[in-house]
Amino acid sequence: MSEPLLEVRNLRVSFRTRTGTVTAVDGISFTVDPGEVVGLVGESGSGKSVSMLTVLRLIDNPNCVIEGEVLFKGNDLLTMSDADLRSIRGREIAMIFQDPMTALTPVYTAGWHISEQIRAHEKVSKKAANDRAIQLLTSVGIPNAESRVNSYPHEFSGGMRQRVVIAMALSCNPSLLIADEPTTALDVTIQAQILELLRDLQSEFGASIVLITHDMGVVSQMANRVMVMYGGRLVEAGSRLDVMREPAHPYTWGLMGSIPPTDGTRAVRLAAIPGAPISPSDSDRDRCLFAPRCTFATDSCRPQPGLIEHRPGHSDACIIPFGERAQRRTEALAPMRART
């Protein structure tokens, strides 16, 4: 087996505030293999974006405390010099940010954004960089790229701006692409187009992708492997088929229950996870963080559970006996049926 492209070991991210320490990421470990698409799933505030921004060392708040290791091709990004990191960020590892409007500078053209990144990492002329920008805009599906390369961000629709950001990310043919909810602000039709584009480009360029999302439907279309986060921790991890067909953690059951059924009797309402997500400022973390919202919680859930591999390649952080999971899952995923 090949070595992991990215290996994160016991990553912890916390922030010092006037009211105490806020824990955003609480000791997560995972790997990303070459050519793999990994889906990182969870509600807003679960630590998905912070964990991946930390991988790229894009959090420079002086009150931020980062612990652990982030190994990319065997080198620890957290201890790397700024100069060495700049040679990797954008070239070896690229990121598609959630909001393309704020990711693009309004006073510069689409072509400038792409050319500037190319010239920052490669010794090429302005003309060569601009020609490649046109090729990239064409490859991401922007029509009339020869003229649109000189357009400003406000002259593009939301979907087209997202394509420009994707072209920027792919400009140096990175080994790892981090996509932070790339379809959140787009309508359903454009979402489907962007996902299809990412699949095609991943196949063409062979890059690994970490897809950050709260949408289990997006994960089911894109990911080879799925990691579910809650309260800054990983609560389940496994292949897409294992997690989608036989989810093992009650939080994952809740996420699955929020998906509208496409067949059978129409539900009166979708299954909902009771309560509210845990606050990062909650200091009582020596327990199962999902227990206050879990229908099946008992006093035995008090100790902090770790990830346990019940089946090869599929692990979760829950103490419910594995033999009882199927029945509990059926209860959790049963929506309220329409009255006849």
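- By the 6.0 Å contact criterion, OH on Tyr108 is open, its count of non-hydrogen atoms from other residues, nucleotides or ligands being 12 or less.
- Here the side chains of Asn63 and Thr17 are not in contact, with every heavy-atom distance at 4.5 Å or above.
- In the hydrophobic cluster analysis, where Ile, Leu, Val, Met, Phe, Trp and Tyr join through side-chain heavy atoms closer than 4.5 angstrom, Ile134 is grouped together with Leu104.
- Taken together through direct or relayed side-chain contacts under 4.5 Å among Ile, Leu, Val, Met, Phe, Trp and Tyr, Phe15 and Leu58 form part of one hydrophobic cluster.
- Without hydrogens or angle criteria, His314 side chain to Val243 main chain gives no donor-acceptor distance under 3.5 Å.
- By the salt bridge (Lys or Arg N to Asp or Glu O under 4.0 Å) test, Arg199 pairs with no residue at all, sequence neighbours left out.
- Legend: residues meeting salt bridge (Lys or Arg N to Asp or Glu O under 4.0 Å) with Glu69, ordered by chain and number and at least two apart, are Arg9.
- Between Glu236 atom CD and Ser315 atom OG the span is 8.0 Å, to the nearest 0.5 Å.
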Assess whether side-chain contact (heavy atoms from CB on, under 4.5 Å) is satisfied between Arg12 and Val25, documenting all intermediate values. CA-CA 5 Å; Arg12 299 178 185 273; Val25 181; 6.0 Å; no
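- Judged by distance alone, the side chain of Arg325 and the main-chain N or O of Ala248 form a donor-acceptor pair under 3.5 Å.
- Residues Pro250 and Ile320 have side chains in contact (heavy-atom distance under 4.5 Å, counting atoms from C-beta outward).
- Lys127 and Asp131 are joined by a salt bridge, as a carboxylate oxygen and a charged side-chain nitrogen come within less than 4.0 angstrom of each other.
- The two atoms that bring Ala332 and Phe296 nearest to each other are CB-CE1, 4.1 Å, heavy atoms only.
- Considering only heavy atoms from C-beta on, Leu234 comes within 4.5 Å of Leu40 through its side chain.
- Look at Asp33 and Arg225 and you find no salt bridge, because none of the NZ, NE, NH1 or NH2 atoms lies under 4.0 Å from a carboxylate O.
- In this structure a side-chain-to-backbone donor-acceptor pair under 3.5 Å is present from Gln162 to Pro182.
- Between the side chain of Asp76 and the main chain of Val70, a donor-acceptor pair closer than 3.5 Å is present.
- A donor-acceptor contact shorter than 3.5 Å links the side chain of Ser208 to the backbone of Gly35.
- Taking each heavy atom of Val55 and Leu6 in turn, the nearest pair found is CG1-CD1, 4.2 Å.
- Note that CG of Asn75 is 4.5 Å distant from CE of Met80, once rounded to the nearest 0.5 Å.
- In this structure, Pro247 and Met244 approach most closely via the heavy-atom pair CD-O, 3.9 Å.
- His249 places no side-chain N or O within donor-acceptor distance of the main-chain N or O of Cys318, the cut-off being under 3.5 Å.
- Panel note: side chain Arg148, backbone Ala110; no donor-acceptor pair is recorded below 3.5 Å.
- Rounded to the nearest 0.5 angstrom, Gln221 CD and Arg240 CZ are separated by 9.5 Å.
- Put simply, CD1 on Ile273 and OH on Tyr230 are 7.5 Å apart, with the number rounded to the nearest 0.5 Å.
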After noting the C-alpha distance and the side-chain angles of Leu177 and Leu211, does the key distance pass the side-chain contact (heavy atoms from CB on, under 4.5 Å) rule? CA-CA 8 Å; Leu177 182 62; Leu211 179 63; over 6 Å; no
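- Between Gly158 and Pro100, the closest heavy-atom pair is O-CG, 4.2 Å.
- At least one donor-acceptor pair under 3.5 Å links the side chain of Asn224 to the backbone N or O of Val37.
- Note that the CD atom of Glu36 and the CD1 atom of Ile209 stand 11.0 Å from one another [nearest 0.5 Å].
- Using a 4.5 Å heavy-atom threshold, the side chains of Glu92 and Leu176 count as separate.
- Hydrophobic clustering (side-chain heavy atoms under 4.5 Å, transitive across Ile, Leu, Val, Met, Phe, Trp, Tyr) groups Leu77 together with Val50.
- Side chains of Thr109 and Val149 form no contact here, defined as non-hydrogen atoms less than 4.5 Å apart.
- Nearest heavy atoms, Ala133 versus Gly111: CB-O, 4.2 Å.
- Ile166 has its side chain within reach of Ile194: a pair of non-hydrogen atoms, C-beta onward, lies under 4.5 Å apart.
- With Lys48 contributing its side chain and Met229 its backbone, the two residues share no donor-acceptor pair below 3.5 Å.
- Remark: Cys294 SG to Leu289 CG distance equals 12.5 Å, nearest 0.5 Å.
- Sorted by first and then second residue, the ring-ring contact (aromatic ring centres under 6.0 Å, His included) pairs with a member in residues 124-163 form an empty list; sequence neighbours excluded.
- Ile142 has its side chain within reach of Val164: a pair of non-hydrogen atoms, C-beta onward, lies under 4.5 Å apart.
- The backbone N or O of Ser115 sits nowhere less than 3.5 Å from a side-chain atom of Arg132 that would complete a donor-acceptor pair.
- For the pair Pro174/Ile93, no side-chain contact is recorded, criterion being any heavy-atom separation below 4.5 Å from C-beta on.
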Starting from the C-alpha separation in whole Å, work towards a yes-or-no answer on side-chain contact (heavy atoms from CB on, under 4.5 Å) for Met227 and Val32. CA-CA 11 Å; Met227 300 184 298; Val32 179; 5.7 Å; no
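- In the hydrophobic clustering of ILVMFWY residues, with side-chain heavy atoms under 4.5 Å counting as a link, Ile319 and Tyr251 come out apart.
- Clustering ILVMFWY residues whenever any of their side-chain heavy atoms sit less than 4.5 angstrom apart, transitively, puts Ile88 in the very cluster that holds Leu53.
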